[in-house]
There are 2 protein chains.
Amino acid sequence: MGEQHRTRTPSGIELAWRAARTRGESGTGEARSGPRPALSLERIVAAAIGIADREGLAAVSLARVAAALGSATTSLYRHVRAKDDLVVLMRDAAAAPPSGPPPEAGHWRAALAAVAWQIHDLHRRHPWVLSVPASGPPSTPNELLWGERMLAALAHTALTPHDQLRAVTLIYGYAREQARLALDPVVAGAGADGARDYFGFLASVMTPDRYPRFCRLFADEANTGSIGHTAEDFQFGLDRILAGLAELDRDG
Amino acid sequence: MGEQHRTRTPSGIELAWRAARTRGESGTGEARSGPRPALSLERIVAAAIGIADREGLAAVSLARVAAALGSATTSLYRHVRAKDDLVVLMRDAAAAPPSGPPPEAGHWRAALAAVAWQIHDLHRRHPWVLSVPASGPPSTPNELLWGERMLAALAHTALTPHDQLRAVTLIYGYAREQARLALDPVVAGAGADGARDYFGFLASVMTPDRYPRFCRLFADEANTGSIGHTAEDFQFGLDRILAGLAELDRDG
DNA sequence: TATGGTGGCGAACGCCATTCGCCATTATGG
DNA sequence: CCATAATGGCGAATGGCGTTCGCCACCATA
């Protein structure tokens, strides 16, 4: 006792890294006293993710998670210091480990695009990740694995190491933000006709005096139909970013 | 009674547009019966933003807002259907109306960059906006004012109307996401040395077997120091995006 | 067999968003 | 000038939440 914590890093992130380290040594754990644990971090996180996938992050309460596991609410606090810790663990687990080995093959541009798409798909599979309030840069083991892959691709460019880091956050952020846009096109439920309602509502409420360009755009039906939730929409921004990086690669 | 709402748009956004329309006709309101209102939407939203600016979005409870206004908690429900409505109103108010008239002057690229910086600064002034859980594309009057300005700049390019829309969301999302990265460099409080702690912690926990590129990068002190919260970091991604758009402008 | 750390849990606390019904206030129509 | 009806503020109450505390059963170790 009496020893102060050296780092002031939020405990959830530390927990995630400790769990990732423990995951490697499968059965090598030393025998611990006390009753055989009925709960485990993995089981808790898995249950929480199950609820979040089905009903959204708002539905994830410690009571709900405990109920899903058949234990008491307060038992969770033996494995997690606070709910925020659990959310960080959930984020990390949702940033699933990429299935195969690093793609490596192909041009750096294609490799980056592939990773961007994977990150994008990941957020579409677990949309609640985007509901986690402001969480800063990627910090958990699995999140940084994506960064590592992008760095591998960027090593084939002339970008400085510093710029490589910036490119990583640029692409990661783009994939994330674009998934967020696709998430809730104002109308909560439906997908395709959700966008219809979105544009319909906006067109009905934007006046030409204040929003002349928007109104002119919406006058043409062809422009009202998608707002960032089609594959082409995602590819558009991705191509712009990659083109910008390519220019930097050429001109130094 | 009995009439169904035609649009399923979340009421908070509708409220924001109605309030924006009412804001124009200052004293023209028809006389309404009932006691003279002590509260108003503007006062409520202003009080809520004050709390959020000072203590973060988590500190904004209806009780706190009511206390700041000297009224009872339940009185707020006369002006707002639910807390979510209030949050949308707050978002819109925080997306402050740009001070002067549209810049208009200069190259389209410079104009876009100026708007991007303004959006970025806005989110740094009201960081809690980034804590609002997944809110979809810009939808409120003030948010779309920024889009309108960007469209004005993009009108000087050869981009198709559809691509102009995509470029708007691309830049808006970038400014937003970059502000989010700068928000919480893992360590909650400090700014400059917060990044130090961030890199220090990561370097202490990433192993060369799984994160070889990161480890090699962090071996050079020059690369550990900023992660997206300096002006140069923001400009980097912005320049990549604008270069990508310029290429599209040239090559069609 | 004693020991001491461990994990599950019941009870309780304070905060939250939200609903309901009561009441004072006020413009309007007669 | 009065009756009406709509309006806005508020007290009381409800159910859910995260979190703390203390008790107790468990079990490897000495």
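Quantities reported herein were computed from a predicted structural model and do not represent experimental measurements. Residue numbers start from 1 in every chain, and the chains themselves are labelled A, B, ... in the order their sequence lines are given, proteins ahead of strands.
- Distance A:Leu76 CG to C:dG8 P: 9 Å, rounded to the nearest Å.
- The two residues B:Pro133 and A:Ser131 have their closest heavy-atom pair at CB-O, 3.6 Å.
- Side-chain atoms of A:Ser75 lie closest to C:dC9 of the nucleotides D:dT19, C:dC9, C:dA17.
- A:Arg180 has no carboxylate O lying under 4.0 Å from a charged side-chain N of B:Glu177, or vice versa, which leaves the two without a salt bridge.
- Aromatic ring pairs are classed by plane angle as parallel below 30°, tilted from 30° to 60° and perpendicular above 60°; the pair A:Phe234 and A:Tyr174 is parallel.
- With C:dT25, D:dG9, D:dC17 as the choices, the nucleotide that has an atom nearest any side-chain atom of A:Ser61 turns out to be D:dC17.
- As a whole-Å value, the separation of B:Tyr77 OH from D:dT7 C1' is 19 Å.
- Applying the salt bridge (charged side-chain N to carboxylate O under 4.0 Å, His left out) test to B:Glu42 and every residue at least two apart in sequence or in another chain returns nothing.
- When all heavy atoms of A:Ala47 and A:Val65 are compared, the closest pair comes out as CB-CG1, 4.3 Å.
- The side chain of A:Arg36 has D:dA28 as its nearest neighbour among C:dT19, D:dA28, C:dT25.
- Rounding to whole angstrom units, CG of residue B:Leu62 and C1' of C:dT19 are separated by 13 Å.
- Proximity note for A:Pro35 (side chain, C-beta onward) versus C:dT25, D:dC26, D:dT19: the nearest is D:dC26.
- As a whole-Å value, the separation of A:Arg64 CZ from D:dG15 P is 19 Å.
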Tabulate protein N/O versus nucleotide N/O from nucleotides 11-13 of chain D, keeping only pairs under 3.5 Å, one per line.
{"residue": "D:dG11", "atom": "O6", "partner": "B:Thr74", "partner atom": "OG1", "Å": "3.3"}

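- Atom CG in B:Leu69 sits roughly 13 Å away from atom C1' in D:dG9 (whole-Å rounding).
- One interatomic measurement links the two molecules: CZ of A:Arg78 to C1' of D:dT20, which rounds to 11 Å at whole-angstrom precision.
- At whole-Å resolution of the value, CG in A:Asp84 and C1' in D:dC17 are 13 Å apart.
- Distances from the side chain of A:Lys83 to the nucleotides D:dG18, C:dA27, C:dT25 place D:dG18 closest.
- The two residues B:Leu69 and B:Arg43 have their closest heavy-atom pair at CD2-O, 3.8 Å.
- We find the CZ-OG distance between B:Phe199 and B:Ser204 to be 13.0 Å, quoted to the nearest 0.5 Å.
- Near-neighbour residues of DNA chain C inside residues 39-59 of chain A, defined by a heavy atom below 4.0 Å, number-ordered: A:Leu39.
- Looking only at atom types and distance, the side chain of A:Thr140 has a donor-acceptor partner in the side chain of A:Glu143 under 3.5 Å away.
- Taken from CZ in A:Arg125 to NE2 in A:His120, the straight-line distance is 11.5 Å, to the nearest 0.5 Å.
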